[in-house]
Amino acid sequence: MKNAAVIGAGVMGAGIAAQLADAGLSVTLLDLDTTTAEGGLARQINGNGFADPAAPARIRTGSSLSDLAALTSADWIIEAASERIDVKQRLFAAIDAVRKPGSIVSSNTSTILRARLIEGMPPSLSPDFLITHFFNPPRWMRLLELVSGPENDPAMVTRMADFAEQRLGKSVVRCRDTPGFLANRIGNFWMAAAVHEAVAHGLEVEEADAVLGKPFGAPTGVFALLDLVGIDLVPVAWHSLQAALPAEDMFQTYTAEPPLIVRMIAEGQRGRKAGAGFMRRLPDGSFETLDLIRHEYRPTRSDTPMALDHALGDLRAILTHPSPAGRYAAAVWSRTLAYAASLVPAVAASADPIDRAMRYGYGWALGPFELIERIGAEWLAENFPSAQ
Ligand SMILES: NC(=O)c1ccc[n+]([C@@H]2O[C@H](COP(=O)([O-])OP(=O)(O)OC[C@H]3O[C@@H](n4cnc5c(N)ncnc54)[C@H](O)[C@@H]3O)[C@@H](O)[C@H]2O)c1
């Protein structure tokens, strides 16, 4: 594979183009207009998106309205345009009209099933069409979720997975064509549980993050993660997942619009990109944290109710600690682990892809099944029977 094209030069498309150029490929990066594509490339250059200083010169920018002919030499064409099925389907038809036979076309969609994307697709395209779901930021996140279908030649899918592993340094997890695939299905459940249970248990942001993240091997707690992702994306992502999941799915027990989140969005507290979310930094460099009950910022606290300073210590002691933080950790983790377990075998054939998706997509030190093993499956079932 020597030539690639990426369509959509936003957060993801420009980052994916940078990664491909870093791997030595010549890349065409198109957005609706060339200026937007150039802007995406400039953000990668200024934002540490490249490892190789010579790589930006391997990217040519252009417009998907006037420069589609540039795709004729591409071996791999990645669609990373806006998350709208009509936009994507129109692009697929236009791509198929110009691409060379045998080139691979993939979508970076987070929420639309492959089965829906190929509805109305030219029959010449679906055998060459995959979902390749990169994580943000593409340069740093190892996970690549790969979704294929019955029309694909298994040898082609294996070649694609090998290329992503060997040339892009990805950890590829092959996923079935199910809502949210694997990492975001479990990750969003974990985040929804964390937000709802923090309010239900009357916890402060600092306590909640201190008990939920590092001790269980997650890089941060959920509130810090939501500040990074963007608070405004929460209802969008949760609504979209809930719309695609069956009524009996455990995810449906959480509202996609927690009042806390709705109020934060209304008040412009959209996370780091807005300068304020669950935490905010003051001009003097100190931090303030949002009080979840009074909805006011106050100085950030560092006291926590139990010793939580090392990762993956005595998890049973945390889960049974007689404090709101202990009960909070128990509620969130027992439900999240039960949720992950409920996905086998319908969503994933075994524990392994789920564990790998959470390790490489969310940076957890242990995947959910590895955590279950560490804590003890029988112990969990005895102590938290209602989570099953
Ligand atoms: N943001 C994330 O964290 C993330 C992570 C994984 C996957 N995704 C998926 O990646 C895709 C892109 O997301 P994003 O966050 O980069 O969005 P974005 O809004 O930052 O960028 C989308 C870009 O596509 C362009 N575009 C729209 N229609 C186009 C067309 N017809 N031709 C060319 N360009 C067009 C827009 O102008 C915009 O620049 C979506 O499918 C999204 O679900 C996003």
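Positions are given from 1 along the sequence.
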Is there a side chain to side chain contact (heavy atoms under 4.5 Å, CB included) between Arg316 and Asn383 once you walk through the steps? CA-CA 10 Å; Arg316 289 186 187 184; Asn383 283 274; over 6 Å; no
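- Atom CG of Leu30 is separated from atom OG of Ser63 by 7.0 Å, given to the nearest 0.5 angstrom.
- By the rule that hydrophobic residues join a cluster once side-chain heavy atoms approach within less than 4.5 Å of another member, Val172 and Phe129 end up as members of separate clusters.
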Side chains of residues 3-22: which donor-acceptor partners sit under 3.5 Å, not counting sequence neighbours?
residue	atom	partner	partner atom	Å
Asn3	ND2	Ser73	O	3.3
Gln19	OE1	Lys170	NZ	3.4
Gln19	NE2	Leu168	O	3.3
Asp22	OD1	Ala51	N	3.2
Asp22	OD1	Asp52	N	2.8
Asp22	OD2	Ala51	N	2.7

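- Atom CG of Asp67 is separated from atom CG of Asp31 by 11.5 Å, given to the nearest 0.5 angstrom.
- Heavy-atom minimum distance, Ala346 versus Arg176: O-NH1, 2.9 Å.
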Would you be so kind as to tabulate the donor-acceptor pairs closer than 3.5 Å made by side chains of residues 357-369, with sequence neighbours excluded?
residue	atom	partner	partner atom	Å
Arg359	NE	Glu370	OE1	3.1
Arg359	NH2	Glu370	OE2	3.2
Tyr362	OH	Asn184	OD1	2.9

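- Taking both residues in full, the closest heavy atoms of Ala331 and Ser334 are given as O-OG, 3.5 Å, listed atom of the first, atom of the second, then distance.
- With rounding to the nearest 0.5 Å, the separation of OG1 in Thr336 from CG in Leu212 is 7.5 Å.
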Report all side-chain donor-acceptor pairs from residues 92-99 shorter than 3.5 Å, counting only partners two or more places apart or in another chain.
residue	atom	partner	partner atom	Å
Asp96	OD1	Arg99	NE	2.6
Asp96	OD1	Arg99	NH2	3.3
Asp96	OD2	Ser124	OG	2.5
Arg99	NH1	Ser103	O	2.7
Arg99	NH1	Ser103	OG	3.2
Arg99	NH1	Asp128	OD2	3.1
Arg99	NH2	Ser124	O	3.1
Arg99	NH2	Asp128	OD2	2.9

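- Other residues, nucleotides and ligands place no more than 12 heavy atoms under 6.0 Å from the CZ atom of Arg116.
- Two residues are said to be in side-chain contact when any heavy atoms from C-beta on lie closer than 4.5 Å; Leu226 and Val195 meet this criterion.
- Counting heavy atoms from C-beta on, the side chains of Trp140 and Phe135 never come closer than 4.5 Å.
- Note: the hydrophobic cluster containing Leu130 does not contain Leu125 (ILVMFWY, side chain heavy atoms under 4.5 Å, direct or indirect links).
- Grouping the Ile, Leu, Val, Met, Phe, Trp and Tyr side chains by contacts below 4.5 angstrom, directly or via other members, places Ile186 with Phe384.
- In Glu373, the CD atom is not crowded: 12 or fewer heavy atoms of neighbouring residues, nucleotides or ligands sit closer than 6.0 Å.
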Run the numbers on Glu206 and Arg298 for salt bridge (charged side-chain N to carboxylate O under 4.0 Å, His left out), then give the verdict. CA-CA 12 Å; Glu206 297 94 322; Arg298 49 148 182 81; 2.8 Å; yes
Given Val211 and Val332, is the side chain to side chain contact (heavy atoms under 4.5 Å, CB included) satisfied, shown in steps? CA-CA 11 Å; Val211 72; Val332 176; over 6 Å; no
For a side chain to side chain contact (heavy atoms under 4.5 Å, CB included) check, start with the C-alpha distance between Lys2 and Asp75, then their side-chain angles and the critical distance, and finish with the verdict. CA-CA 7 Å; Lys2 291 192 170 62; Asp75 305 301; 4.0 Å; yes
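- Partners of Arg374 according to the salt bridge (charged side-chain N to carboxylate O under 4.0 Å, His left out) rule, which considers only residues two or more places apart in sequence or in another chain, do not exist here.
- Residue Ile131 holds its CD1 atom at 9.5 Å from CG of Leu146, rounded to the nearest 0.5 Å.
- You'll find the side chain of Glu119 reaches within 4.5 Å of the side chain of Gln89, heavy atoms only.
- Side-chain atoms of Asp352 and Ser350 form no donor-acceptor pair, as typed in the model, at a separation below 3.5 Å.
- The two residues Ala70 and Thr28 have their closest heavy-atom pair at CB-CG2, 3.9 Å.
- Here the closest non-hydrogen pair linking Asn188 and Ala237 is OD1-CB, 4.3 Å.
- The side-chain heavy atoms of Tyr297 and Phe287, taken from C-beta on, include no pair separated by under 4.5 Å.
- Remark: Phe163 CZ to Met1 CE distance equals 5.0 Å, nearest 0.5 Å.
- When side chains are defined from C-beta on, Thr111 does not count as touching Pro179, because their heavy atoms never get closer than 4.5 Å.
- For the ring-ring contact (aromatic ring centres under 6.0 Å, His included) with His196, the qualifying choice from Trp190, Tyr254, Phe189, Phe251 is Tyr254, the only one to do so.
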Just distance, no hydrogens or angles: give the donor-acceptor pairs under 3.5 Å from side chains in residues 153-161, sequence neighbours left out.
residue	atom	partner	partner atom	Å
Asp153	OD1	Ala155	N	3.0
Thr158	OG1	Pro154	O	3.0
Thr158	OG1	Arg174	NH2	3.2

Before giving the answer on ring pair (Phe, Tyr, Trp, His ring centres under 6.0 Å), spell out for Trp333 and Phe216 the whole-Å C-alpha distance, their side-chain angles and the decisive distance to 0.1 Å. CA-CA 9 Å; Trp333 277 110; Phe216 289 83; 5.1 Å; yes
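- A salt bridge does not link Arg185 to Glu145: none of the charged nitrogens lies less than 4.0 Å from a carboxylate oxygen.
- Ion pairing of Asp162 with Arg167 is absent here, as no side-chain N (NZ or NE/NH1/NH2) approaches a carboxylate O to less than 4.0 Å.
- A side-chain hydrogen bond (donor to acceptor under 3.5 Å, both in side chains) with Ser107 is found for one member of Glu79, His133, Arg114, Glu83 and no other, namely Glu79.
- Between the CD1 atom in Ile118 and the CD1 atom in Ile112 there is a gap of 13.5 Å [rounded to 0.5 Å].
- Considering only heavy atoms from C-beta on, Thr72 stays 4.5 Å or farther from Lys100 through its side chain.
- Between Leu144 and Ala164, the closest heavy-atom pair is CD2-CB, 3.6 Å.
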Using a 3.5 Å cut-off and no angle test, enumerate the donor-acceptor pairs between side-chain atoms of residues 266-279 and protein atoms at least two apart in sequence or in another chain.
residue	atom	partner	partner atom	Å
Glu267	OE2	Arg263	NE	3.0
Gln269	OE1	His295	NE2	3.1
Lys273	NZ	Asp232	OD1	2.8
Lys273	NZ	Asp232	OD2	3.2

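- Contact check for Leu182 versus Pro353: side-chain heavy atoms found under the 4.5 Å cut-off.
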Report the C-alpha separation of Phe223 and Leu292 in whole Å, then their side-chain angles, then the decisive distance to 0.1 Å, and conclude whether the side chain to side chain contact (heavy atoms under 4.5 Å, CB included) test is met. CA-CA 11 Å; Phe223 292 107; Leu292 297 186; 4.2 Å; yes
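- The two atoms that bring Ala183 and Leu143 nearest to each other are CB-CD2, 3.7 Å, heavy atoms only.
- Under the 4.5 Å side-chain criterion, counting only non-hydrogen atoms from C-beta, Ile375 is in contact with Leu337.
- With Glu288 as the partner, the salt bridge (Lys or Arg N to Asp or Glu O under 4.0 Å) test is satisfied by one option alone out of Arg280, Arg281, Arg301: Arg280.
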